[in-house]
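Worksheet for the structure shown next.
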Amino acid sequence: NCSHTIKWASKSIQKDPKIILSYLKTAAEAIKYISGEVKNYNKLVENALSRKGSLILELKTKFKKNKHFVRIAAQTFPEIFSKIDTKLRNDDKIISHCINSNPKLIKYGNQKLKSNKKIIFPLLRKNLSILKYCDKKFFSDKKLFQTIINDNWNKKHLFEGQSSYSEKPL
């Protein structure tokens, strides 16, 4: 990987859009070494983040606090949810990219997110262990637990190859 070699290049090479684009095509990590003075720098950052979202952690703070760049990074780096500014954790697109990819990230969400049935119910179907991070009101939600029981019964029998529904829970 030659991404780090650009940091030793002359300033004129570091600002050459064709060379920069070549570096980024080879390795998105090269964005760390490219000057912010380069023409269309933000577009280059978008390109790099769309391929490797974790790079946002190595960029200037302004990118980490910018909703647009965080949304792009979240598509390939859902773990960003635990590392971003709490204000950005309320953004629907960031939530959907991060939480749907990794339901356990719900633990970093705010109370409003943790009590949102429309978000929590589908996540619980993917991963029951997130219930411990959810709003306590879900612990007494009969509909939720009936759905969980039925879902898990169906999965169990589907994987066991059983087709009889005579034992299905009430």
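Looking at heavy atoms from C-beta onward, I13 lies out of side-chain contact with D16 at the 4.5 angstrom threshold. Taking the side chain as every heavy atom from C-beta outward, I80 and C98 approach each other to under 4.5 Å. The shortest side-chain heavy-atom distance between S129 and K104 falls under the 4.5 Å cut-off. H97 is not listed as a side-chain neighbour of P78, based on a closest heavy-atom distance of 4.5 Å or more. Counting only heavy atoms from C-beta outward, the side chains of F63 and L49 never approach each other to under 4.5 Å. Residues F138 and F121 are in side-chain contact: their nearest non-hydrogen atoms beyond the backbone lie under 4.5 Å apart. Counting only heavy atoms from C-beta outward, the side chains of V70 and D91 never approach each other to under 4.5 Å.
Rounded to the nearest 0.5 angstrom, I106 CD1 and N127 CG are separated by 11.0 Å. Of the inter-residue distances, the one linking R71 atom CZ with N66 atom CG reads 10.0 Å to the nearest 0.5 angstrom. Taking OH of Y41 as the reference point, atom CD1 of I20 lies at 9.5 Å (rounded to 0.5 Å). Note: I95 CD1 to K93 NZ = 12.5 Å, rounded to the nearest 0.5 Å. Atoms NZ and CD1, from K112 and I119 in turn, are 9.0 Å apart once rounded to the nearest 0.5 Å. Atom-to-atom distance recorded for S101:OG and I99:CD1 is 9.0 Å, nearest 0.5 angstrom.
For the pair Y133 and K107, the tightest heavy-atom approach, listed with the atom from each and the gap, is CD2-CB, 3.2 Å. Scanning both residues, P103 and N100, for their nearest heavy atoms gives CD-O, 4.3 Å. Heavy atoms only, all atoms of each residue included: L88 and I94 are closest at O-CD1, 3.7 Å. Nearest heavy atom pair, residue I120 against residue C134, reads CG2-SG, 3.6 Å. In this structure, A30 and Y23 approach most closely via the heavy-atom pair CB-CB, 3.8 Å. In this structure, D141 and L144 approach most closely via the heavy-atom pair OD1-N, 2.9 Å.
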Given the rule in the side chain to side chain contact (heavy atoms under 4.5 Å, CB included) test, do K15 and K39 qualify, once you have shown the distances and angles that lead to the verdict?
CA-CA 8 Å; K15 292 182 180 179; K39 186 178 178 183; over 6 Å; no
Start with the C-alpha distance between I84 and K64, add both sets of side-chain angles, then the distance that settles side chain to side chain contact (heavy atoms under 4.5 Å, CB included), and finish with yes or no.
CA-CA 7 Å; I84 58 175; K64 296 173 204 164; over 6 Å; no
So L21 and L44, side chain to side chain contact (heavy atoms under 4.5 Å, CB included) or not? Walk me through it.
CA-CA 8 Å; L21 210 47; L44 296 171; 3.9 Å; yes
Could you give me the CA-CA distance, side-chain angles and deciding distance for D135 and K114, then say whether salt bridge (Lys or Arg N to Asp or Glu O under 4.0 Å) is met?
CA-CA 5 Å; D135 189 289; K114 292 177 181 181; over 6 Å; no
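Enclosure of atom NZ in K137 by more than 12 non-hydrogen atoms of other residues, nucleotides or ligands within 6.0 angstrom is indicated. With a 6.0 Å radius and a threshold of 12 heavy atoms from other residues, nucleotides or ligands, E37 has its CD atom at or below the threshold.
For an aromatic pair to be called close, the ring centres must be under 6.0 Å apart, and F81 with Y108 fails this.
For R51, the side chain to side chain contact (heavy atoms under 4.5 Å, CB included) criterion is met by L24, A28, N47, not counting sequence neighbours.
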Sequence neighbours left out, cut at 3.5 Å: what donor-acceptor pairs do the side chains of residues 52-60 make with other protein atoms?
from, atom 1, to, atom 2, distance (Å)
K52, NZ, E29, OE2, 2.7
E58, OE1, K32, NZ, 2.9

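Within the structure, side-chain hydrogen bond (donor to acceptor under 3.5 Å, both in side chains) contacts touching residues 81-90 (residues at least two apart or in different chains) are N90-N110.
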